[in-house]
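Just below is one structure, and these are the notes that go with it.
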Amino acid sequence: VQFNSVIGPYKGGLRFHPSVNLSIIKFLGFEQIFKNALTGLPIGGGKGGSDFDPKGKSDNEIMRFCQSFMTELYRHIGQDVDVPAGDIGVGGREIGYLFGQYKRIRNAYEGGVLTGKAVGYGGSLARKEATGYGLTFYMREMLKANNITLEGKTAIISGSGNVAIYACEKAQQMGIKVLAMSDSSGCVFDENGINLDVIKDIKEVRRGRIKEYLNIVQSAKYMENTGNIPPIYSIKADIILPCATQNDITIESAKVLVENGTIAVGEGANMPCTNEAIQYFQEHNVLLAPGKAANAGGVATSALEMSQNSIRASWTFEEVDKKLENIMINIT
Ligand code: NDP
């Protein structure tokens, strides 16, 4: 879906998930227009994807799907036309396969056609971390404006994908204790604080299920998803960072969170809170960081990746992280 290119090429993520349909891609693309404009960088709004289910597929199967997908997509994209990136089910591995096929078809190195590339062939340092880091910067700024500090606070983070993992990393660096994370099957609760190395190994290396956390940390608890309130939202914490998918926090979960004394909710995912949940939070003075602003760090850093591709330079991790932090401060 190519929505708007008034201030720059269409830009948004590609999603591979069985739930994908045109309606979802349209709402995501529409949101993307405003989010991208909020970054202050010259990028328009678009989104894409497929109902292909990558779960349980081998690397070879993923590669073949990405190549076929790009064989059709290539005629609609380009570094000045439409610049896709990753989203649910599309990470560095998939971007690599997509980029390779684009390069093969075009017979040219056009680095700026996709973002979220690996650092070895035109990617930006800190892009992988950017959405999660940006969310945490935004949360810090929002709380600061309300005279609340992050140190010593507790948090729960739904999801254990790209956004969730790096939101957790930055949150821990800022002194927050992350008590629980989840995937679509259930959540793990670790009252000593989530061991992120274990989560990274399960999700980024072995592509396993979050339940396997208990094989390493026996003292943690696992709660399976049943009923209409994901069990992660029954855990008491100061800060809630929904980083999985849309409509994750319904009014039922919102009521439990308010009862548990939640101070703030930061939308890492796109539209993770339903409208009724948002209204409930507002009526009960729970601070809310809306996804359109709070998760804009990913696309902002994608635009920084495009800048580096254009000037054929690569900035250090610290340089990109600092630029991201400033962008998030400006957005807040
Ligand atoms: P990933 O595919 O890396 O991770 C998604 C996570 O959410 C996984 O843990 C997945 O669990 C879980 N999940 C997916 N669907 C459901 C569901 N129906 N119920 C419960 N859990 C679910 O995706 P990202 O981390 O990249 O994206 C997460 C969210 O952030 C999305 O809303 C995306 O649009 C948004 N976003 C992402 C950006 C980025 O830079 N990546 C930028 C801005 C927003 P499982 O493995 O079991 O499926």
Side-chain angles (χ1 to χ4, degrees), residues 11-20 24-25 27-29 31-32 35-36 38-39 43 45 47-49 52-57 62 84-95 115-116 123-124 126-135 138 157-168 180-188 199-200 202-204 206-213 224-226 228-233 241-250 253 266-273 289-303 305 324 328:
K11 177 114 199 74
L14 293 173
R15 177 176 293 192
F16 291 170
H17 193 272
S19 66
V20 164
I24 289 180
I25 298 300
F27 104 69
L28 290 166
E31 288 262 289
Q32 197 81 44
K35 180 190 308 194
N36 291 2
L38 266 179
T39 66
I43 36 179
K47 197 84 187 180
F52 169 70
D53 186 359
K55 221 172 270 169
K57 303 283 193 303
I62 300 283
D87 190 73
I88 293 179
V90 179
R93 173 182 60 168
E94 291 75 19
I95 293 291
T115 59
S124 175
R127 169 60 187 92
K128 183 175 68 169
E129 292 82 356
T131 308
Y133 277 22
L135 170 68
Y138 189 99
I157 302 180
S158 76
S160 47
N162 174 261
V163 180
I165 285 177
Y166 293 96
C168 181
M181 292 180 79
S182 65
D183 62 19
S184 57
S185 310
C187 73
V188 287
I199 298 281
K200 280 186 179 175
I202 296 169
K203 290 294 176 182
E204 293 188 329
R206 292 190 286 110
R207 298 179 190 275
R209 308 304 300 159
I210 202 153
K211 194 179 184 173
E212 295 161 33
Y213 187 85
E224 190 98 16
N225 277 344
T226 50
N228 57 358
I229 302 181
I232 194 166
Y233 297 124
L241 300 176
C243 297
T245 192
Q246 62 272 6
N247 300 327
D248 187 15
I249 300 186
T250 57
S253 301
E267 296 186 320
N270 284 313
M271 283 201 182
C273 302
K292 250 195 289 298
N295 70 29
V299 76
T301 309
S302 276
E305 181 176 334
L324 168 67
M328 297 315 295

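Whatever order the structure lists them in is the order used to number ligands and atoms, beginning at 1. Heavy-atom basis, side chains included; hydrogens, waters and symmetry copies ignored. Predicted model only: the values in this text are computed from it and were never measured.
- Those atoms of ligand 1 that come under 4.0 Å of a heavy atom in Gly268, given as number and element, are 30 (O), 35 (C), 44 (C).
- The closest donor-acceptor contact from the side chain of Glu31 to the backbone of Leu28 lies at 3.5 Å or more, if one exists at all.
- In the vicinity of Thr131, heavy-atom distances shorter than 4.0 Å reach the ligand 1 atoms 38 (C), 39 (C), 40 (O), 42 (C), 43 (C).
- Not a single donor-acceptor pair under 3.5 Å links the side chain of Asp53 to the backbone N or O of Pro18.
- In the displayed structure, Lys200 atom NZ is contacted under 6.0 Å by more than 12 heavy atoms of other residues, nucleotides or ligands.
- Closest to atom 32 (O) of ligand 1, if we only count protein heavy atoms, is Asn270 N, 3.1 Å.
- The side-chain heavy atoms of Pro231 and Asn225, taken from C-beta on, include a pair separated by under 4.5 Å.
- Between Ile24 and Phe27, the closest side-chain pair of non-hydrogen atoms falls below 4.5 Å.
- Each of the atoms 9 (O) of ligand 1 lies under 4.0 Å from some heavy atom of Ser160.
- Of the listed residues (Ile165, Ile157, Asn295, Ile88), the one carrying the non-hydrogen atom nearest atom 23 (O) of ligand 1 is Ile88.
- At least one heavy atom of His17 sits closer than 4.0 Å to an atom of ligand 1.
- Looking only at heavy atoms of the protein, atom 16 (C) of ligand 1 is closest to Thr245 CG2, 3.5 Å.
- Residue contacts with ligand 1 leave out Gly91, since none of its heavy atoms falls under 4.0 Å from the ligand.
- Asp248 contributes no side-chain N or O that, together with a main-chain N or O of Ser158, makes up a donor-acceptor pair within less than 3.5 Å.
- Taking each heavy atom of Ala294 and Glu267 in turn, the nearest pair found is CB-O, 3.9 Å.
- In terms of polar-atom proximity, Asp183 is not counted as a contact of ligand 1, lacking any N or O under 3.5 Å from an N or O of the ligand.
- Closest to atom 2 (O) of ligand 1 by heavy atom, among Gly12, Gly89, Ser302, is Gly89.
- Heavy-atom minimum distance, Gly298 versus Thr131: CA-OG1, 3.1 Å.
- In this structure the side chain of Tyr138 reaches within 4.5 angstrom of the side chain of Pro290, judged on heavy atoms.
- Annotation: atom 22 (C) of ligand 1 to nearest protein heavy atom, Ser184 CB, 3.8 Å.
- Between Arg127 and Ile95, every side-chain heavy-atom pair lies at or beyond the 4.5 Å cut-off.
- When the heavy-atom distances from atom 28 (C) of ligand 1 to Ala244, Gly159, Ala269 are ranked, the shortest goes to Ala244.
- Set against the non-hydrogen atoms of Arg15, the atoms of ligand 1 under 4.0 Å away are 31 (C), 32 (O), 33 (C), 34 (O).
- Looking at Arg209 next to ligand 1, an N or O pair under 3.5 Å apart turns up.
- In this structure, Asn162 contributes its side chain and Lys128 its backbone to a donor-acceptor pair below 3.5 Å.
- Within the 4.0 Å heavy-atom cutoff, Arg127 counts among the residues contacting ligand 1.
- In the candidate list Val163, Ile199, Asn225, Val163 is nearest to atom 25 (O) of ligand 1, counting heavy atoms.
- In this structure the side chain of Thr115 reaches within 4.5 angstrom of the side chain of Lys11, judged on heavy atoms.
- For ligand 1, the atoms sitting less than 4.0 Å from at least one non-hydrogen atom of Lys55 are 45 (P), 47 (O), 48 (O), numbered in the order shown with element in parentheses.
- Side-chain contact between Tyr213 and Met181 is absent, with no heavy atoms from C-beta onward closer than 4.5 Å.
- If you look at Gln246 next to ligand 1, there are no close heavy atoms at all, none under 4.0 Å.
- Of the heavy atoms in Pro272, none comes closer than 4.0 Å to ligand 1.
- Heavy atoms of Asp87 found under 4.0 angstrom from ligand 1 belong to the backbone as well as the side chain.
- What sits closest to atom 4 (O) of ligand 1 on the protein, heavy atoms only, is Gly161 CA, 3.2 Å.
- Protein heavy atom at the shortest distance from atom 41 (N) of ligand 1 is Asn162 OD1, 3.5 Å.
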